[in-house]
Amino acid sequence: MLFNSIEFIIFLPVVFILYWFVFKKTKWQNGFIIVASYLFYGWWDWRFLLLIALTSLCSYLSGIGIERHEGNRRRQKGISALNIVLNLLILCCFKYFNFFSENLALLFKTFGYELNGFTLNVLLPVGISFYTFQALSYTIDVYRHKLKATHDPVAFFAFIGFFPQLVAGPIERATALLPQFSRPRTFDYDRAVDGMRQMLWGFFKKIVVADNCALFANGVFENYDTMSGSSLFMGAFFFTVQIYGDFSGYSDIAVGTARLFGIDLMRNFNCPYFSRNMAEFWRRWHISLTTWFRDYVYIPLGGSREGRWKSIRNTMIIFLVSGFWHGANWTFVVWGAFHALLFIPLLLSGRNGRYRDTVAERRLFPSLKECMQMTLTFGLALAGWIIFRAESIGQAAGYLKRMCDPSLFTVPVMPGVEVTRTLPSTLFFIAVLFVTEWCHREKAHGLDIKIQSQSLRYIIYLALLLALLLFKATEPATFVYFQF
């Protein structure tokens with residue numbers, strides 16, 4: 001079920017009313033959350049429910065098994081490893097089997113051998129990468145004694161299947177989210193209102209900004225080999241805005257929806273395009289995934305504690321694995337390598353830990369130096385998104401090559417849409433997005449504002465609602481990260 005669909009508009013208030021006014025006890029609320037979440041997830045394909053139920057059951061049992069063998073570290077390690085391997089095998093079969101099979105056949109063909117690659121004709125379950133990593137965090141944290149194993153299967157299944165963040169995150173840690181399903185929850189009007197504001201801002205970013213940017217980005221990428229450098233740059237710019245508006249918009253809707261049910265989710269985006277270098281960018285972009293890889297891969301590999309070369313090795317591993325996590329395509333691996341090459345010089349010079357504050361803190365305007373830093377970082381991110389968006393490495397290379405020829409300095413032409421009607425409004429709403437987030441970059445979200453005038457608040461809300469109705473793209477688009 002899509003957030004930006006009629007079904008969800010009907011689904012959410014019904015679930016909200018039943019949750020607070022019918023199922024008042026915590027255990028009943030948790031059970032109802034499971035039912036609602038499985039309905040939400042099964043709306044795409046009921047068969048996907050078998051996988052998420054299996055992941056939940058295996059992870060739940062692994063936690064109990066680890067606890068029961070307290071004192072026998074070898075047995076605990078075996079149980080933990082078994083659950084991790086099982087979940088990763090499920091993920092790899094659905095997401096990466098065909099990739100490895102096809103590339104193995106190509107490798108043999110390079111050496112003159114014909115190998116009939118076997119592929120699976122299966123659908124990729126929506127959100128499998130997200131809920132698999134969430135389940136793995138539970139097993140690992142129980143094994144590390146950071147969390148006690150839960151004996152409440154209802155609370156655990158609700159933790160894995162919680163519908164707002166089920167299919168595209170944030171990837172919550174069991175230490176943060178699972179205890180919330182064990183505590184009584186009471187309705188908080190102020191939290192609910194703030195959650196609705198964040199949802200409204202997320203819908204604006206997705207429907208008004210991202211979906212309209214997609215019209216231009218898709219038109220350019222589909223015809224990149226016939227277009228000027230300036231048009232290619234604009235196409236890359238629109239995709240850069242699209243993927244931020246799309247993914248951070250989803251996160252805002254997810255976090256806001258969770259607050260309606262008395263649940264707090266972590267912040268997943270923190271104004272990443274206002275970053276002053278690429279290290280800061282990665283502290284602000286897809287925070288839940290970045291910190292997951294840091295805590296469960298980078299630090300166990302030794303982090304930056306074991307010398308310069310191992311730090312470089314661990315950094316490369318993290319970015320390559322992160323890229324591959326996004327999908328079974330070499331473009332994602334190259335995208336990860338590209339960001340690793342941008343990050344390593346900062347690591348070696350000791351500048352990767354700088355800029356943990358907010359840019360231009362307590363100032364309205366940034367300094368000239370900060371402007372230059374943010375422009376450079378945005379440009380590097382844009383180049384990376386070209387690789388990310390391309391269907392092949394050849395297309396990415398061709399796109400970048402054509403974009404950097406002298407036609408970069410000509411007037412761009414946008415294909416495939418009613419430019420005179422759509423382009424001005426899209427550019428206007430992009431400006432609204434960036435100006436609003438700049439002015440509220442120290443807040444939790446773009447509408448986290450304190451306005452005393454009730455009339456002014458309602459004018460802002462009404463303006464955003466009208467924008468959603470009048471400037472939405474012709475068809476609701478799925479969220480970009482659903483494919484991951």
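What you see is a predicted model, and the numbers here were worked out from it, not measured in a lab.
In W43, the CH2 atom is not crowded: 12 or fewer heavy atoms of neighbouring residues, nucleotides or ligands sit closer than 6.0 Å. In the displayed structure, E391 atom CD is contacted under 6.0 Å by at most 12 heavy atoms of other residues, nucleotides or ligands. Enclosure of atom OH in Y461 by more than 12 non-hydrogen atoms of other residues, nucleotides or ligands within 6.0 angstrom is indicated. Within 6.0 Å of CE on M316 lie more than 12 heavy atoms contributed by other residues, nucleotides or ligands. Atom CD1 of I6 sits in a sparse spot, with 12 or fewer heavy atoms from other residues, nucleotides or ligands closer than 6.0 Å.
Of the inter-residue distances, the one linking M196 atom CE with L447 atom CG reads 12.0 Å to the nearest 0.5 angstrom. With rounding to the nearest 0.5 angstrom, the CZ atom of F159 is 8.5 Å from the CZ atom of F181. Put simply, CD1 on I33 and CZ on F162 are 5.0 Å apart, with the number rounded to the nearest 0.5 Å. Taken from CD1 in I430 to SG in C213, the straight-line distance is 3.5 Å, to the nearest 0.5 Å. Residue W325 holds its CH2 atom at 10.5 Å from OG1 of T132, rounded to the nearest 0.5 Å. Note that OG of S228 and CG of D405 are 8.0 Å apart. Values are rounded to the nearest 0.5 Å.
When every heavy atom of T436 is checked against every heavy atom of G446, the shortest pair comes out as CG2-O, 3.5 Å. Across all non-hydrogen atoms, the minimal contact from Y399 to A236 is OH-N, 3.3 Å. The two residues K472 and I207 have their closest heavy-atom pair at CB-CG2, 3.4 Å. Across T240 and I243, no two heavy atoms sit closer than the pair O-CG2, 3.6 Å. Closest approach of P170 and A254 over heavy atoms only: CD-CB, 4.4 Å. The two residues G219 and N223 make their nearest non-hydrogen contact at O-ND2, 2.7 Å.
At least one donor-acceptor pair under 3.5 Å links the side chain of N277 to the backbone N or O of E280. Counting only distance, with no hydrogens or angles, the side chain of H440 and the backbone of K443 share no donor-acceptor pair below 3.5 Å. Without hydrogens or angle criteria, Q395 side chain to F221 main chain gives a donor-acceptor distance under 3.5 Å. A donor-acceptor pair under 3.5 Å is formed between the side chain of T410 and the backbone N or O of S407. In this structure, S288 contributes its side chain and I171 its backbone to a donor-acceptor pair below 3.5 Å. Judged by distance alone, with hydrogens and angles left aside, the side-chain atoms of N314 form a donor-acceptor pair with the main-chain N or O of G303 at under 3.5 Å. When atom types are taken as modelled, the side chain of R185 and the backbone of Q180 share a donor-acceptor pair closer than 3.5 angstrom. Put simply, the side chain of Q242 never gets that close to the backbone of F238: no donor and acceptor are under 3.5 Å apart. Without hydrogens or angle criteria, Q134 side chain to E172 main chain gives a donor-acceptor distance under 3.5 Å.
Ring-centre distance between Y273 and W438: not below the 6.0 Å cut-off. Ring pair W292/H286: centre-to-centre distance not below 6.0 Å. Taking the six-membered ring for Trp and the full ring otherwise, the centers of F163 and Y41 sit at least 6.0 Å from each other. A distance of 6.0 Å or more separates the ring centres of F274 and F378. You'll find the ring centres of F247 and F269 inside the 6.0 Å limit.
Between F233 and L408, some side-chain heavy-atom pair lies under the 4.5 Å cut-off. The closest side-chain heavy-atom distance from D141 to Y296 is below 4.5 Å. Contact annotation: the side chain of W285 never approaches that of T290 to less than 4.5 Å [non-hydrogen atoms, C-beta and beyond]. Residues N212 and S425 are not in side-chain contact: their nearest non-hydrogen atoms beyond the backbone lie 4.5 Å or more apart. Inter-residue side-chain proximity for I253 and P164 is flagged as unmet; no heavy-atom pair is nearer than 4.5 Å.
Using modelled atom types and a 3.5 Å distance limit, the side chains of N268 and R284 yield no donor-acceptor pair. Side-chain contact annotation: N87 with Y131, donor-acceptor N/O pair under 3.5 Å absent. Checked by atom type, the side-chain pair E437/Y244 shows a donor-acceptor distance below 3.5 Å. Using modelled atom types and a 3.5 Å distance limit, the side chains of S275 and T377 yield no donor-acceptor pair.
Here side-chain hydrogen bond (donor to acceptor under 3.5 Å, both in side chains) pairs that include residues 253-266, with residues two or more places apart or in two chains, are R191-D264, D194-R259.
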Can you give the donor-acceptor pairs under 3.5 Å from side chains of residues 338-349 to other protein atoms, not counting sequence neighbours?
residue, atom, partner, partner atom, Å
H339, ND1, W282, NE1, 3.1
H339, NE2, W335, NE1, 3.3
S349, OG, P345, O, 2.9
S349, OG, L346, O, 3.3
S349, OG, R351, NE, 2.9

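Every residue was checked against the salt bridge (Lys or Arg N to Asp or Glu O under 4.0 Å) condition with R402, not counting sequence neighbours, and none meets it. Partners of F428 under the ring-ring contact (aromatic ring centres under 6.0 Å, His included) rule, at least two apart in sequence or in another chain, do not exist in this structure. By the side-chain contact (heavy atoms from CB on, under 4.5 Å) test, K401 pairs with no residue at all, sequence neighbours left out. Scored by the salt bridge (Lys or Arg N to Asp or Glu O under 4.0 Å) test, R283 finds no partners at all (sequence neighbours excluded).
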Legend entry - side-chain contact (heavy atoms from CB on, under 4.5 Å) between L200 and L465, intermediate numbers included: CA-CA 8 Å; L200 178 59; L465 287 171; 3.8 Å; yes

Inset, instruction - Begin with the C-alpha distance, continue with both residues' side-chain angles, and end with the deciding distance and a verdict on salt bridge (Lys or Arg N to Asp or Glu O under 4.0 Å) for D252 and R267. - result: CA-CA 8 Å; D252 279 333; R267 185 174 186 176; over 6 Å; no

Inset, instruction - Evaluate the criterion side-chain contact (heavy atoms from CB on, under 4.5 Å) for residue pair I449 and I460; output intermediate values, then yes/no. - result: CA-CA 11 Å; I449 50 180; I460 294 172; 4.3 Å; yes

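Taking the charged nitrogens against the carboxylate oxygens, E361 and R441 have no contact shorter than 4.0 Å, which rules out a salt bridge. Residues D295 and R173 are paired through a salt bridge, judged by an N-O separation under 4.0 Å between the basic side chain and the carboxylate. Taking a cutoff of 4.0 Å between a charged side-chain nitrogen and a carboxylate oxygen, E370 and R363 qualify as a salt bridge.
The aromatic rings of F40 and W44 stand perpendicular to each other, their planes meeting at an angle above 60°, with 30° marking the opposite boundary. F203 and F8 have tilted rings, their planes meeting at an angle from 30° to 60° on a 0 to 90° scale.
Judged by the 6.0 Å distance and 45° axis criteria, K206 is not positioned over the aromatic ring of W201.
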